[in-house]
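Right, one structure below, let's go through it.
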Amino acid sequence: MNNYTMNTNPILPGFYPDPSVCRVEDDYYLVTSTFAYFPGVPIFHSKDLIHWNQIGNILDRKEQLPLSGAETSEGIFAPTLRYHDGTFYMITTNVSSRLGNFIVTATDPAGPWSEPYPLGSSGIDPSLFFDDDGKCYYCGTQERREGSRYFGDNEIYIQELDLKTMKLVGESYPAWHGALRGVEWPEGPHIYKRNGWYYLLISEAGTAHNHAVSIARSKSLKEPFEGHRGNPILTHRHLGYNYPIVNVGHPDIVETQNGEWWMVCLASRTKGGYYRNLGRETYLVPFIWEGDWPVINPGKGIIESTVATPNLPAGAVDHIPATEDFDCTELPMNFMYIRNPKEENYSLSARPGYLRMKLDADTISSKGNPSYVCRRQLSFDFVAKTSVTFEPASENENAGLVIYQSQSFNYQFLISKKGEKTMLSLVKTYKDEEETIATALLDKFYPDMFLRLSQEGQDLTFSYSTDDKTFRTLADHVDARMLSTDVAGGFVGTTIGIYATANGQASKTVADFDYFMYK
């Protein structure tokens with residue numbers, strides 16, 4: 001291990017939770033959860049475990065990812081990525097559809113990926129393990145088969161999977177219930193085999209401050225696993241609420257071609273107190289084996305804001321431009337919609353160089369399919385900006401910028417028309433209640449407007465311009481804390497995007513966005 005070159009943690013900043021990693025010879029691939037965002041499950045490639053480039057989205061068709069009516073923190077939970085005998089397998093749970101736990105496969109990790117194979121299994125957080133004899137085993141979490149004593153009183157269970165039929169076969173075996181007495185939410189299981197031992201790596205104690213990583217082992221997949229006496233092997237709950245990295249858990253591990261071991265896991269950064277606007281991000285941490293048990297980040301035992309460079313060939317990150325000018329035939333892979341987009345509402349060809357968005361009746365504060373295109377918030381300090389040509393047909397029509405935590409918690413920076421003048425409004429959605437907290441009525445109607453949103457720490461500023469030169473502030477010192485999971489709940493981080501709505505009415509009006517900048 002090269003301890004002289006240090007790199008920034010997280011390795012994937014922003015809303016990239018529940019990482020799963022696998023190696024194929026000298027190449028590494030990683031996936032994360034997307035919940036109710038579409039397309040689902042981004043897949044990344046790396047040569048060095050530090051620098052990751054997105055090569056696709058695994059669930060890029062509505063047939064693979066139905067999200068109708070999903071809460072923002074429903075949809076896709078905890079994918080696992082594995083490779084066996086020339087095929088990539090991604091297994092996950094769609095908690096918002098009948099698919100439940102399902103598998104998709106591909107021979108090229110960039111896609112295309114297959115249609116889903118529903119498994120009919122209970123619980124969530126499925127994982128796959130391929131044994132030395134070629135057999136495949138399913139591992140997941142569900143309520144105890146003998147009956148749960150309280151909410152979150154779960155078991156980790158194992159069952160064989162027939163790869164020819166993509167069906168679970170044989171008996172289901174309860175493997176482990178977690179490390180601590182009275183443990184809640186043993187989940188996110190992964191199985192590995194080393195030196196004749198089967199290892200079961202899990203998270204427990206929920207996804208918030210008490211989140212922890214524990215491990216157990218057994219000589220057989222058909223008998224109970226024995227927990228490590230040193231459990232939990234990784235947690236930050238003992239470091240207090242003021243530690244800058246919190247909520248550590250949901251790990252996956254990989255051995256490099258040089259024999260080093262590394263763990264990816266999720267954690268959150270805080271700002272302005274215990275507030276986690278960015279959601280759960282992907283971190284990297286080294287570990288070693290001692291006495292056939294893992295020791296995480298030896299000598300420290302925690303995740304740090306920097307991480308040593310693995311003993312691997314140096315990689316590089318493809319440059320993602322701060323400004324997307326929409327001079328393209330399809331949106332970049334890092335752009336997302338909330339739930340399944342209505343494809344007829346978006347066009348990159350109707351006015352070349354612009355993203356044309358048709359105003360939809362659905363709003364950003366509903367569980368519908370609003371006209372909304374977004375990127376993840378990657379840091380607590382940023383500037384987002386757009387230019388839009390918009391001529392509303394009625395005072396009920398809006399277009400603009402949104403900073404979004406969920407349908408129940410968001411800010412909308414909107415353009416509308418009042419009489420023959422342009423109206424600017426800042427609408428706050430808090431606990432599903434909308435409130436207009438700032439307005440500005442301009443001297444006339446301006447078909448071309450420039451909107452800018454910035455954040456410093458937990459303060460948001462919303463400003464506008466008619467000429468892209470002089471910006472006026474509509475509202476500043478707007479509290480961003482309500483966009484954290486600590487206020488809003490749920491499992492996702494904040495996104496920022498462009499938006500157009502007719503607020504419940506049918507409309508033929510469009511908004512033409514010239515660019516979307518985030519930096």
Side-chain angles (χ1 to χ4, degrees), residues 17-18 20 33 74 76-80 82 91-95 99-103 118-131 135-162 167-193 197-208 210-235 237 248-253 265-266 293-294 491:
D18 305 327
S20 177
S33 295
E74 294 179 341
I76 293 297
F77 280 22
T80 295
R82 294 293 182 258
I91 184 169
T92 189
T93 312
N94 185 339
V95 302
L99 280 176
N101 297 310
F102 68 94
I103 296 173
L119 297 173
S121 55
S122 63
I124 59 170
D125 291 7
S127 181
L128 295 178
F129 169 70
F130 295 90
D131 209 344
K135 288 186 177 181
C136 181
Y137 293 88
Y138 173 103
C139 183
T141 184
Q142 65 180 4
E143 292 185 357
R144 283 179 180 250
R145 61 192 64 204
E146 68 271 23
S148 296
R149 299 162 296 174
Y150 48 82
F151 186 57
D153 185 19
N154 292 350
E155 70 176 25
I156 306 298
Y157 72 103
I158 298 171
Q159 191 170 357
E160 186 178 345
L161 173 70
D162 185 333
K167 301 294 183 183
L168 295 175
V169 295
E171 187 176 347
S172 165
Y173 297 93
W176 200 33
H177 299 100
L180 300 184
R181 294 180 180 176
V183 63
E184 293 181 331
W185 295 110
E187 59 188 6
H190 295 305
I191 299 173
Y192 316 89
K193 193 173 186 180
W197 288 101
Y198 294 95
Y199 289 90
L200 180 56
L201 185 68
I202 72 164
S203 289
E204 57 183 66
T207 61
N210 289 327
H211 212 191
V213 176
S214 298
I215 194 167
R217 71 184 185 186
S218 175
K219 287 291 186 177
S220 166
L221 294 174
K222 298 180 179 181
E223 59 188 61
F225 280 63
E226 177 186 0
H228 180 29
R229 292 185 178 182
N231 280 324
I233 59 171
L234 178 64
T235 185
R237 60 193 180 200
V248 172
H250 203 100
D252 199 2
I253 61 177
C265 59
L266 65 77
W293 291 107
F491 305 122

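Count residues from 1 along the sequence. Computation of the quantities below employed the complete heavy-atom set of this structure, encompassing side-chain atoms and omitting hydrogens, waters and symmetry-equivalent molecules. Here the structure is a predicted model, which is why all the values come from computation and not from measurement.
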> Counting N and O atoms only, with roles assigned by atom type, does the side chain of T141 sit under 3.5 Å from a partner on the main chain of G123, one being a donor and the other an acceptor?
Replying inline: no
> Side chains of E184 and N210: does their closest heavy-atom pair fall under 4.5 Å?
Replying inline: no
> Does any non-hydrogen side-chain atom of S203 lie less than 4.5 Å from one of P251?
Replying inline: yes
>> Could you tell me if the side chain of P79 sits less than 4.5 Å from the side chain of S20, heavy atoms only?
In response: no
> Less than 4.5 Å apart, any side-chain heavy atom of I202 and any of F225?
Replying inline: no
>> Contact between L201 and I233 at the side-chain level, heavy atoms closer than 4.5 Å - yes or no?
In response: yes
> If we only count heavy atoms from C-beta on, is the C265 to V213 side-chain gap below 4.5 Å?
Replying inline: no
> Taking the six-membered ring for Trp, are Y157 and Y138 parallel (under 30°), tilted (30 to 60°) or perpendicular (over 60°)?
Replying inline: tilted
> What do you reckon, is NZ of K193 surrounded by more than 12 foreign heavy atoms closer than 6.0 Å?
Replying inline: yes
> Restricting to pairs with a member in residues 135-152, which pass salt bridge (Lys or Arg N to Asp or Glu O under 4.0 Å), not counting sequence neighbours?
Replying inline: R144-E146, R144-D153, R145-E155, R149-D153
> With side chains defined as the heavy atoms from C-beta onward, is the minimum distance between T80 and P126 less than 4.5 Å?
Replying inline: no
>> Using ring centroids (six-membered ring only for Trp), state whether F129 and Y192 fall under 6.0 Å.
In response: no
> Within the side chain of T92, is there an N or O that forms a donor-acceptor pair under 3.5 Å with the backbone of F77?
Replying inline: yes
> Between E187 and D125, is there a donor-acceptor pair closer than 3.5 Å when you use the side chain of the first and the backbone of the second?
Replying inline: no
> Is there side-chain contact between V248 and T235, with heavy atoms separated by less than 4.5 Å?
Replying inline: no
>> Would you say that more than 12 heavy atoms from the other residues, nucleotides or ligands in this model lie under 6.0 Å from the OH of Y150, or not?
In response: yes
> With sequence neighbours excluded, what pairs up with K222 under the side chain to side chain contact (heavy atoms under 4.5 Å, CB included) test?
Replying inline: Y173, S220
